[in-house]
Amino acid sequence: MAAAFVLRGLYRARPVLRRSPAELLWAPRRGHRLTPADDELYQRTRITLLQREAPHAMYIDSYNSRGFVVSGNRVFGPCALLPHSVLQWNVGSHQDITEESFSLFWMLEPRIEIVVVGTGDRTERLQSQVLRAMRQRGIAVEVQDTPNACATFNFLCHEGRVTGAALIPPPGGTVLTSLAQTAE
């Protein structure tokens, strides 16, 4: 009985406790709040733009069995894409890829982080000593079929990574495949 008097006194004394038990069970949680917390009221929000998107970043626009269109320029046959240049790459197939053919990727400054290799219409295995030599020089190698390698290269360039590509055109018809159309 004494407990009932104490609870009734608390219920009458505190306005918060004058609510029904259903209202007392639901309380807004911090994750669902609409107003900033006290510690957030006095902090300023500041945005600093470190680097704008590179206006001259290279992107592979399209590819076909004869070559690639890189930033609006046609490149015939296998090519090596470096951060600001395109080179003809003297390989005929994935079997022709050697340490020497990859040497241009580790001679550059700033150092290339990753080389995306497009091996034609299928993903082919490269020689283990070639992959080991690249790994010893601190360069990651991603081997894919050429369509996926083109998309991966574009994605990494868009992220701002220092990326290289070694691409062999996929054999087949001469129909131009635009990467923008395949993404849709």
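Nothing here was measured: the structure is a model prediction, and the numbers come from that model.
- Pairs of residues two or more places apart, or lying in two chains, that qualify as side chain to side chain donor-acceptor pair (under 3.5 Å) and include a residue from residues 122-133 are Arg122-Glu124, Gln127-Gln129.
- No side-chain donor-acceptor contact under 3.5 Å links Asn154 to the backbone of Tyr59.
- Leu104 and Val117 fall within a single hydrophobic cluster, where Ile, Leu, Val, Met, Phe, Trp and Tyr side chains are chained together by heavy-atom contacts under 4.5 Å.
- Leu108 pairs by the side chain to side chain contact (heavy atoms under 4.5 Å, CB included) definition with Leu82, Pro83, Ile112, not counting sequence neighbours.
- For the pair Pro147/Tyr63, a side-chain contact is recorded, criterion being any heavy-atom separation below 4.5 Å from C-beta on.
- Atom NE2 of His94 sits about 13.0 Å away from atom CG of Asp145, to the nearest 0.5 Å.
- Open room surrounds CG on Asn90; 12 or fewer heavy atoms of other groups in view lie less than 6.0 Å from it.
- No chain of hydrophobic side-chain contacts below 4.5 Å, direct or via other Ile, Leu, Val, Met, Phe, Trp or Tyr residues, connects Val69 to Ile168.
- In this structure, Val115 and Met134 approach most closely via the heavy-atom pair CG2-CE, 3.9 Å.
- Residues Met58 and Leu156 do not share a hydrophobic cluster, defined by chaining ILVMFWY side chains whose heavy atoms lie under 4.5 Å apart.
- In terms of hydrophobic clustering, with Ile, Leu, Val, Met, Phe, Trp and Tyr side chains grouped at heavy-atom distances under 4.5 Å, Leu87 and Val116 are assigned to different clusters.
- The nearest pair of heavy atoms linking Pro78 to Gln88 is O-NE2, 3.5 Å.
- Remark: Leu81 CG to Thr163 OG1 distance equals 10.5 Å, nearest 0.5 Å.
- A donor-acceptor pair is defined here as one N or O able to donate and one able to accept, closer than 3.5 Å; no such pair exists between the side chain of Ser101 and the backbone of Ile97.
- Closest heavy-atom contact between Glu142 and Ile114: CB-CD1, 4.2 Å.
- For Gly118 against Ala149, the heavy-atom pair with the smallest separation is CA-CB, 3.6 Å.
- Contact annotation: the side chain of Phe68 approaches that of Thr146 to within less than 4.5 Å [non-hydrogen atoms, C-beta and beyond].
- The heavy-atom pair separating Phe105 from Ala165 by the smallest distance is CZ-O, 3.6 Å.
- Between Leu167 and Ile60, some side-chain heavy-atom pair lies under the 4.5 Å cut-off.
- A continuous path of Ile, Leu, Val, Met, Phe, Trp and Tyr side chains, each step under 4.5 Å between heavy atoms, connects Trp106 with Val143, placing both in one hydrophobic cluster.
- Judged by distance alone, the side chain of Asn148 and the main-chain N or O of Gln144 form no donor-acceptor pair under 3.5 Å.
- In terms of heavy atoms, Gly92 sits closest to Asp96 at N-OD2, 2.9 Å.
- A salt bridge (charged side-chain N to carboxylate O under 4.0 Å, His left out) check over residues 104-121, counting only residues at least two apart or in different chains, returns the pairs Glu113-Arg161.
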